[in-house]
Amino acid sequence: MDGALTSEESGVTAEDLALFVRSATDRAVLLIDADGNVTAWLEGAETLLGWLAGEMMGQSIDRLYPAGEMIAGRPALDRAVAAEAGPQRSEVWRIRKDGSEFAAETTMIALRNADRSLRGFGISIVDITARKAAEQALAHSELHVRSILATVPSAMVVIDEAGTMLSFSAAAERLFGWKEADVIGRNVKMLMPNPDHDRHDQYLARYRKTGERRIIGIGRVIVALRRDGTEFPMELSVGEASSGGRRIFTGFIRDLSAQQRAEFKLQELQSELIHVSRVSAMGTMASTLAHELNQPLTAIANYTNAARDLIEREENPPLDMLHQAVEEAAKEALRAGHIVRRLRDFVARGEVEQRVENLPAMIDEAARLGLMGARERGVRTIFEIDPTIETVVADRIQIQQVLVNLLRNAVEAIGERELREITVGTFREPHGMIRVAVADTGSGIDPSVAPQLFEAFASTKEQGMGLGLSICRTIVEAHGGRIWAEPRDGGGTIFHFTIMSANEEEIDE
């Protein structure tokens, strides 16, 4: 018999089989004749269906079917199909004795006599209500997850340990231009430009080997690749979970393109505001500038007139006097030119560019602009420049703008006070920073204004717009420094700001 053992050869008797079938309580096992009447009703059937064996023996099996199926002739049809086509397994609804319905998995097998005539049927019924409920709950859960994926504003991509994409949200479809069906089963590196495209598999392999987290649970800003080949900045946060003994990773993606454009626009507006403030500062200094330029221009006129008079009045004019007059006129012309050049450089729009600059030279040029007219008002300027401090990393025009603003404010704060002094000093600070201080002997800062001193539209002047110190803070912080103010001993105010030293040894320390 092809090596197969019969029940007698294996030592298993019909009695053993019957005992095993009778002891099965996790399912209903019963026998019916060819017409559907019960001929055997075992303990499992009593437990599952509620009828005792005495109640069901000889009764029609049809009572287990819902009313609608009985009317449709389903019981007879099931028996006919099982007799004709062989064993039938199906998931259906069945009725208990108390009238309640339950989801059942039924198996019906035709039983035949030795002459192949139909003897009856063997039926097994298993209650699968709990399983169907779990499957339905899982389906609802999947639908719920898919509804979340379809509506969550951040793009979500789920991958396995090998980088294969398992899920791709609707937001991800809109962001990358791919449909979920196009990417499921493909490597997530298709969403990355180089060098990340070629290195991503190595990143995953290293994480599986070492467990070292470089992005999981941390997040970072990276560059991604759309279907059309365009690249865009995005913020990626990755979460890790275990499912069925394997790890999956969920990436939450936020497109930063609009934010980046807004930041660029804000930088442009800030740069434009800084430029406008310089032009405005020149407007407020117009009378002083006119006076400053008037001196060399008047001197030029006087020297040239004197030279002309010498030429007209004398046949042999003294050449030494003519030479001196022309030389002095030339010096005054150069002086006026220097003033105009400083103004032109200061007001020029230009691009922001930090480079190594000479700090004492920057302070000297800024003082020439910011202190115009101060001497005539009796203001004394003291420079306490550390001779060992020479170079800093700065945008020259912008730092000079800060200095000019602080110096003009100091002159205005002093007003007509008895002690009129402005002190400008430079000092070394920790971590490779240089501090510049501008102190005045003015009336000081109103304590109620001090907390908002560097905020936009906060001003201590009746006619001021409150933008000068706010712009100074913007410039200094863009240079990696900070700016603050404190009272001066004996009255007045000291403004401090820091910028980075260009000395590599100081920065290393």
For Phe497, does the six-membered ring have the charged nitrogen or CZ of Arg435 within the cation-pi criterion, i.e. under 6.0 angstrom from the centroid and within 45° of the normal? no
If you measure from CE on Met190 to CH2 on Trp178, what distance do you get to the nearest 0.5 Å? 4.0 Å
Exactly one candidate in Val404, Val438, Leu469 meets side chain to side chain contact (heavy atoms under 4.5 Å, CB included) with Asn409; the answer is Leu469
How about Thr493 and Arg488: do any of their side-chain heavy atoms sit closer than 4.5 Å? no
Mind checking what makes side-chain hydrogen bond (donor to acceptor under 3.5 Å, both in side chains) contact with Arg119, not counting sequence neighbours? none
So do the side chains of Leu64 and Ile125 get within less than 4.5 Å of each other, counting heavy atoms only? yes
In terms of the angle between their ring planes, are Phe168 and Phe176 parallel, tilted or perpendicular, with boundaries placed at 30° and 60°? tilted
Over all heavy atoms of both residues, which pair between Ile475 and Ile399 is shortest? Give the atoms and the distance, please. CG2-CD1, 4.3 Å
Nearest heavy-atom contact between Pro193 and Glu231 is CB-OE2, 3.4 Å
Any salt bridge linking Glu69 with Arg74? Criterion: basic side-chain nitrogen under 4.0 Å from a carboxylate oxygen. no
Say you draw a straight line from CD of Glu55 to NZ of Lys97; how long is it, rounded to the nearest 0.5 Å? 3.5 Å
Using atom types as modelled and distance alone, determine if a side-chain donor or acceptor of Ser237 lies under 3.5 Å from a backbone N or O of Phe252. no
Give a yes or no on whether the backbone of Leu204 and the side-chain of Glu161 come within a donor-acceptor separation of less than 3.5 Å. no
Atom pair CD1 (Ile389) and CD1 (Ile434), whose distance is rounded to the nearest 0.5 Å: 4.0 Å
Does a side-chain heavy-atom distance below 4.5 Å link Glu173 with Glu180? yes
Is the shortest side-chain heavy-atom distance between Trp484 and Val476 below 4.5 Å? no
For Met500, is there any backbone N or O sitting under 3.5 Å from a side-chain donor or acceptor partner on His479? no
Whether the side chain of Ser60 engages the backbone of Asp62 through a donor-acceptor N/O pair (distance < 3.5 Å, no angle test) should be reported. yes
To the nearest 0.5 angstrom, please state how far the CG atom of Leu225 sits from the NZ atom of Lys189. 13.5 Å
Kindly say whether Gly86 contributes a backbone atom to a donor-acceptor pair with the side chain of Gln88 at under 3.5 angstrom? yes
Side-chain touch Trp41/Leu49, heavy atoms, less than 4.5 angstrom: yes
N/O donor-acceptor pair under 3.5 Å between Arg226 side chain and Leu175 backbone: yes
Does the pair Asp78 and Phe121 meet the rule for a side chain to side chain contact (heavy atoms under 4.5 Å, CB included), with working shown? CA-CA 11 Å; Asp78 285 349; Phe121 298 90; over 6 Å; no
Is there a side-chain contact between Leu191 and Ile253 (heavy atoms, below 4.5 Å)? no
Between Ile499 and Val393, is there a side-chain heavy-atom distance shorter than 4.5 Å? no
Shortest non-hydrogen contact from Pro75 to Met70? CD-CA, 4.2 Å
For Phe495, which of Val436, Val402, Leu406 qualifies under side chain to side chain contact (heavy atoms under 4.5 Å, CB included)? Leu406
If only atom types and distance count, is the side chain of Arg112 paired as donor or acceptor with the main-chain N or O of Ala83 below 3.5 Å? yes
Main-chain N/O of Arg116 paired with Asn113 side-chain donor or acceptor, under 3.5 Å: no
Quick check: does any side chain N or O of Thr129 sit under 3.5 Å from a backbone N or O of Ala103, one acting as donor and the other as acceptor? yes
In terms of heavy-atom contacts, Met433 and Gly481 come closest through CE-CA, 4.0 Å
Going from CD on Glu91 to CZ on Arg131, what distance comes out if it is rounded to the nearest 0.5 angstrom? 5.0 Å
When rounded to the nearest 0.5 angstrom, what is the spacing between CD1 in Ile494 and CD1 in Ile445? 10.5 Å
Any side-chain heavy-atom pair of Val38 and Ile32 under 4.5 Å: yes
Suppose we screen for salt bridge (charged side-chain N to carboxylate O under 4.0 Å, His left out). Which residues come up paired with Arg96, at least two apart in sequence or across chains? Asp127
Salt bridge (charged side-chain N to carboxylate O under 4.0 Å, His left out) partners of Asp182, counting only residues at least two apart: Arg227
Of all heavy-atom pairs linking Ile109 and Pro87, the shortest is CG1-CB, 4.0 Å
